[in-house]
2 protein chains.
Amino acid sequence: MDDPRPCRDPKEQHAWAATAAGTLRVLEGKWKIVIIVQLLASDEPLRFSELERRIPGVTQKMLIQQLKELEKDGIVIRTLYPQVPPKVEYSLSELGRALTPSFQALVEWSYLKERRLEGCSVA
Amino acid sequence: MDDPRPCRDPKEQHAWAATAAGTLRVLEGKWKIVIIVQLLASDEPLRFSELERRIPGVTQKMLIQQLKELEKDGIVIRTLYPQVPPKVEYSLSELGRALTPSFQALVEWSYLKERRLEGCSVA
DNA sequence: CCGTATCCTTCTAGATACTG
DNA sequence: CAGTATCTAGAAGGATACGG
């Protein structure tokens, strides 16, 4: 495994850590990870109601709130079709899709952690 | 880039998203990412005071709180040297170090995002 | 040096009801 | 269908003081 550190100079490391942590704060929020994973897992853009259906337990308020923040941060794209009844689709931006490798790695890690918790052989 | 989805069956995708999101909740908390990045960036275990010094803005209370949770979740290891004055070192467990690829990818993504924000050529 | 204990503020999330 | 508007409870975070 490669050295994760872009630089060994302590002051640079510090700046690096701070930047990373700051940027990653856009992923904070109880439902953002699930939303992104659902959009990653889907071939096509998802309608608001479809997201709501796929994310059990979320309320409309929370869903719209987190989607708005993700949109503001340039991660998801909202497309409104001016129809009656209204139709809105959400998809990942290029920046959002660039999260793919990170999420792949995190999902693998989550499997590792789950295996550790259960202490059993899922494989 | 590979398909991030472990399975195309919708029901499996749902379970996958839920599991991942649940597990990743152990990374929630204002200071956990910074703590992990600092420990990843360091060759050696870090003393409590050293972490405090490297994470500007954190209070003792928050630092110890987040460290305790990370320890409870099996990500960091606390080692107490029974001396006077006391010495405590924190390091990453095997599970913690397994976060390396994820964090590498996330840090790269954060660079991408920052470049996007600045609209300039860092490279 | 490495924490605990208290108090206080802010932020988050959820329930519920309503609208173009 | 896809939201908005209020209200409220609780969690998270922070300031400060103290202790082994």
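In what follows, chains carry the letters A, B, and so on, assigned in the order in which the sequence lines appear, proteins first and then strands, with residues in each chain numbered from 1.
Between B/Leu63 and B/Ile35 there is a side-chain heavy-atom pair separated by less than 4.5 Å. B/Leu24 places a side-chain heavy atom less than 4.5 Å from the side chain of A/Trp109. Here the side chains of A/Glu108 and B/Pro101 are not in contact, with every heavy-atom distance at 4.5 Å or above. A/Leu106 is listed as a side-chain neighbour of B/Leu106, based on a closest heavy-atom distance under 4.5 Å. Between B/Arg78 and B/Leu67 the shortest side-chain heavy-atom distance does not fall below 4.5 Å.
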Can you pull every protein N or O that's under 3.5 Å from an N or O on nucleotides 3-7 of chain D?
| residue | atom | partner | partner atom | Å |
| --- | --- | --- | --- | --- |
| D/dG3 | OP1 | A/Arg78 | NE | 3.3 |
| D/dG3 | OP1 | A/Arg78 | NH2 | 2.6 |
| D/dG3 | OP2 | A/Tyr90 | OH | 2.8 |
| D/dG3 | N7 | A/Gln60 | OE1 | 2.7 |
| D/dG3 | N7 | A/Gln60 | NE2 | 3.4 |
| D/dG3 | O6 | A/Gln60 | OE1 | 2.9 |
| D/dT4 | OP1 | A/Lys68 | NZ | 3.2 |
| D/dT4 | OP2 | A/Lys68 | NZ | 3.2 |

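Within the 4.0 angstrom heavy-atom criterion, only backbone atoms of the sugar-phosphate kind lie near A/Gln66; the bases stay farther away.
Judged by distance alone, the side chain of A/Ser42 and the main-chain N or O of A/Leu39 form no donor-acceptor pair under 3.5 Å.
In this structure, A/Arg47 does not reach the D/dC1 phosphate: none of its side-chain N or O atoms is under 4.0 Å from OP1 or OP2.
Within the structure, side-chain hydrogen bond (donor to acceptor under 3.5 Å, both in side chains) pairs that include any residue of residues 58-69 of chain A comprise A/Lys32-A/Glu69 (at least two apart or interchain). Under the salt bridge (charged side-chain N to carboxylate O under 4.0 Å, His left out) criterion, the residue pairs touching residues 14-29 of chain B are B/Arg25-B/Glu28, with sequence neighbours excluded.
Under the side chain to side chain contact (heavy atoms under 4.5 Å, CB included) criterion, B/Val37 pairs with A/Trp16, A/Ala17, B/Ile33, B/Phe103, not counting sequence neighbours. Remark: B/Ser110 engages no residue in a side chain to side chain donor-acceptor pair (under 3.5 Å) (not counting sequence neighbours). Partners of B/Arg53 under the salt bridge (charged side-chain N to carboxylate O under 4.0 Å, His left out) rule, at least two apart in sequence or in another chain, are B/Glu50.
The CD1 atom of B/Ile75 sits 5.5 Å away from atom CG of B/Leu27, with the distance rounded to the nearest 0.5 Å.
In terms of position on DNA chain C, the residue among A/Pro86 and A/Val58 whose nearest nucleotide sits closer to the 5' end is A/Val58.
Taken over five-pair windows at either terminus, the axes of the helix from C/dC1-D/dG20 to C/dG20-D/dC1 are inclined to one another by 50° (rounded to 10 degrees).
Annotation: proximity of residues 24-37 of chain B to DNA chain D (heavy atom, distance under 4.0 Å) is found for B/Gly29, B/Lys30, B/Trp31, numbered in ascending order.
Counting 5' to 3', DNA chain C first comes under 4.0 angstrom of a heavy atom of chain A and last does so at the ends given by C/dA13 to C/dG20.
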Table please: side-chain donor-acceptor pairs of residues 79-92 of chain A below 3.5 Å, with sequence neighbours left out.
| residue | atom | partner | partner atom | Å |
| --- | --- | --- | --- | --- |
| A/Tyr81 | OH | A/Glu89 | OE1 | 3.2 |

